[in-house]
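Quick note: numbers below take in every heavy atom, side chains included, and nothing from hydrogens, waters or symmetry partners. So you know, we letter chains A, B, ... as the sequences are listed, proteins then strands, and number each from 1. Just so it is clear, the model here is predicted, and its values are computed rather than measured.
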Amino acid sequence: MQWEVGSALNIASILVVVIVFAAMLIWVERRLLGFWQDRLGPNRVGPFGLLQVVADMIKIFTKEDWIPPFADRFGFVLAPTIIMIVILLSFSVVPFAPGVGIVDSNIGVLFVLAMASLGAYSVMLGGLSSDNKYALLGSLRAAAQMVSYEVFMGISLLGVVALTGSFDLREIVLAQEGGWFVVPQFIGFVIFLIAGVAESHRLPFDIPEAEQEICAGYHTEYSGMKFGMFFVGEYLGLVLISSLITVLFFGGWQGPLLPPLAWFFIKASCFIAFFILLRAAIPRPRYDQLMSYGWLFLLPLSLLNLLITGVVILSAN
Amino acid sequence: MSDPIVRPHSKSWLAKFGELVKDTLTSQVVTLWRVFRHLFVATDTVQYPEQQPHMFSRWRGRIILTRDPDGEERCVACNLCAVACPVDCIALQKTEDEEGRWYPEFFRINFSRCIMCGFCEEACPTNAIQLTPDFEMAEYKRQDMVWEKADLLIAGTGKYHETNFYRVAGKSIGGKDKGEARNELPPVDVRSLLP
Amino acid sequence: MTELFYSGALVAVIATLLVIVQTNVVHALIYLVLSLLAVAVVFFSLGAPFVAILEAIVYAGAIMVLFLFVVMMLNLGQRSRDQEKEWLPARTWFVPSVLALLLLIQLVASIPTAGLNIEEIGARAVSELLFGPYVLAVELASFLLLAGLVSAYHIAKR
Ligand code: SF4
Ligand code: SF4
């Protein structure tokens with residue numbers, strides 16, 4: 001077997017690395033949150049508490065996998081699988097390094113957006129089929145939030161796409177040889193960052209699962225491995241958004257001295273840490289605040305960004 | 001339907017926009033930075049089993065029954081603690097020895113109910129029942145949380161060394177008759193005053 | 001590519017049939033999403049990746065989400081399921097289905113059996129067409145959407 005884009009070995013190793021990394025993030029997040037709150041975080045199981053993940057996994061796997069009798073089985077079982085499948089599929093277009101990746105698609109960016117929009121079903125179906133008022137409230141919020149922020153996410157990316165002239169993520173990385181897109185596309189970057197947090201409904205935008213208001217929102221009724229899939233899915237989403245930011249705005253694997261994969265890892269890790277910092281620092285906005293912030297502030301801003309980018313590109317030609 | 005972003009109309013459009021930026025971006029960035037700095041602040045965590053926290057003597061923990069300086073049980077089975085206890089977790093039965101001393105036949109505290117409020121200690125007239133700074137009382141079986149007198153009674157005086165109830169009370173017990181207590185006058189023979 | 005086309009088409013047909021016979025609205029919607037995704041696969045296999053992905057984003061990802069959103073608000077329970085069952089007795093669907101089947105057979109028979117001649121049309125080609133010869137249509141469509149947006153805004157304001 002060869003080490004090239006799309007080889008079976010490549011696919012298998014990316015799958016394993018991504019899932020293991022996402023699972024490890026459970027520990028990383030708890031430790032980092034601990035430090036930012038002047039605590040230590042989990043440090044008992046294994047060295048530095050590293051085996052906490054294993055303990056958590058054993059717990060999640062051995063828990064009773066319960067389906068509430070009043071729930072709609074079809075949707076209830078389908079929902080957590082959707083989020084996993086959709087996010088893992090999104091990884092297929094991410095170029096990690098030269099020769100490392102699953103496909104170089106000429107519709108890569110759009111594919112990611114499509115998968116993100118399909119991800120909304122997971123949350124909605126989960127809440128709807130749980131037949132629980134908190135779950136329903138959660139998925140109502142999720143539907144509105146994800147559909148809205150998808151729009152800004154897409155528009156904020158268009159600047160990068162216009163600068164590259166391609167939807168291919170690998171070409172976008174290659175186009176950043178001369179300079180990262182974060183400089184000309186700073187507004188696009190900020191909007192993508194915010195929309196990314198909202199899209200993966202992590203704190204501070206975890207309005208669909210706001211514990212203090214609606215129990216656990218859409219996954220109130222979930223337990224055992226089905227909950228585990230939502231849980232790991234959230235971290236996979238975090239890895240995905242961080243990787244995408246790295247690819248789209250921070251030159252992907254490019255960097256001096258270190259091997260490309262290391263650069264990719266470092267950059268993506270910085271963003272993951274930043275997302276965890278967001279969780280530690282920023283309080284959750286109200287639901288209507290989030291929506292009006294998106295439509296009244298982010299949308300005009302992203303359109304403006306796109307317009308100016310277009311004008312600059314046209315006048316440069 | 002309050003809209004948080006719309007401000008009073010008196011302000012100019014630019015001022016509104018400035019405030020919006022301040023609310024949504026500047027203040028958040030400042031918060032992020034402040035929280036980030038906590039990465040370099042020493043943690044407050046006490047690594048408990050290895051590192052014992054410092055306990056103060058007034059901490060309300062495990063309950064003990066103490067003895068007076070003579071080495072006798074202080075508790076006179078007055079039941080005041082049982083009455084004072086808000087969760088009714090103290091049970092005891094009074095009995096007497098041949099010298100007339102009162103003491104509890106059994107004294108039982110159900111620690112699975114006790115809320116460590118210290119009311120029993122406050123109610124006790126003889127300083128018999130006392131709370132100590134020990135808090136490591138976890139058990140695997142609930143039944144093991146019920147402590148009997150043998151478990152509660154200690155050999156010493158606990159926190160209050162002086163209290164010695166029968167030495168100030170007028171009751172006669174073995175070795176101390178009426179009138180022999182501290183600050184007590186000898187008993188008056190009321191009949192001798194008859195004409 | 002041909003296998004992709006036929007499997008996608010098969011999934012689309014089956015999923016669409018299931019949409020029709022489902023009594024539970026949510027299940028029907030899920031099958032509808034599946035059918036739309038299968039149609040996207042068909043587009044892809046026909047060499048139109050851009051259209052395929054737009055189908056997934058716009059129809060499966062946005063419009064169907066809104067359908068589901070509305071279903072959530074409606075609170076359809078057992079009663080609507082019973083009603084659906086009542087509305088689908090054999091005598092209502094049998095004759096139209098037979099007729100449709102006949103038409104389908106004719107349609108399949110009349111398709112030229114020559115191999116599909118597929119060339120891929122990417123995003124650039126599509127956009128060059130859209131903003132070249134068809135720019136007027138695009139602008140008209142955008143006017144229509146704008147009108148929809150403004151009226152929705154107006155209704156929301158009242
Ligand atoms: S500490 Fe409070 S709850 Fe416990 S035995 Fe004494 S009075 Fe009862
Ligand atoms: S412990 Fe104190 S309050 Fe309780 S019965 Fe004994 S003497 Fe009375």
**Message:** Would you say CZ of A:Phe189 has more than 12 non-hydrogen atoms from neighbouring residues, nucleotides or ligands within 6.0 angstrom?
**Reply:**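 Atom CZ in A:Phe189 is packed in, count exceeds 12.
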
**Flag for A:Gln185-A:Thr309: side-chain donor and acceptor within less than 3.5 Å** = yes

**Request:** List in chain and number order the residues that pass ring-ring contact (aromatic ring centres under 6.0 Å, His included) with B:Trp147, two or more places apart in sequence or in another chain; answer none if no residue qualifies.
**Result:** B:Phe111

**Prompt:** Which members of residues 298-305 of chain A, sorted by number, sit under 4.5 angstrom from chain B on a heavy-atom basis?
**Reply:**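 Residues in range: none.
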
**Message:** Taking B:Glu73 first and then B:Arg67, would you say they form a salt bridge - that is, a charged N and a carboxylate O separated by under 4.0 Å?
**Reply:**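 No salt bridge links B:Glu73 with B:Arg67.
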
**Message:** Closer than 4.0 angstrom, basic N to acidic O: yes or no for B:Glu184 and B:Lys178?
**Reply:** no

**Asked** Under the 6.0 Å and 45° cation-pi test, does B:Arg58 pair with B:Phe56?
**Response**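 Output no; distance or angle outside limits.
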
**Item:** Contacting moiety of A:Leu32, where chain B heavy atoms sit under 4.5 Å
**Value:** side chain

**Request:** Verify the ring-centre separation between A:Phe250 and A:Phe271: is it less than 6.0 angstrom?
**Result:** yes

**Fill in**
With chain A, the option among B:Leu32, B:Thr31, B:Val41 that has the most non-hydrogen atom pairs under 4.5 Å is B:Leu32

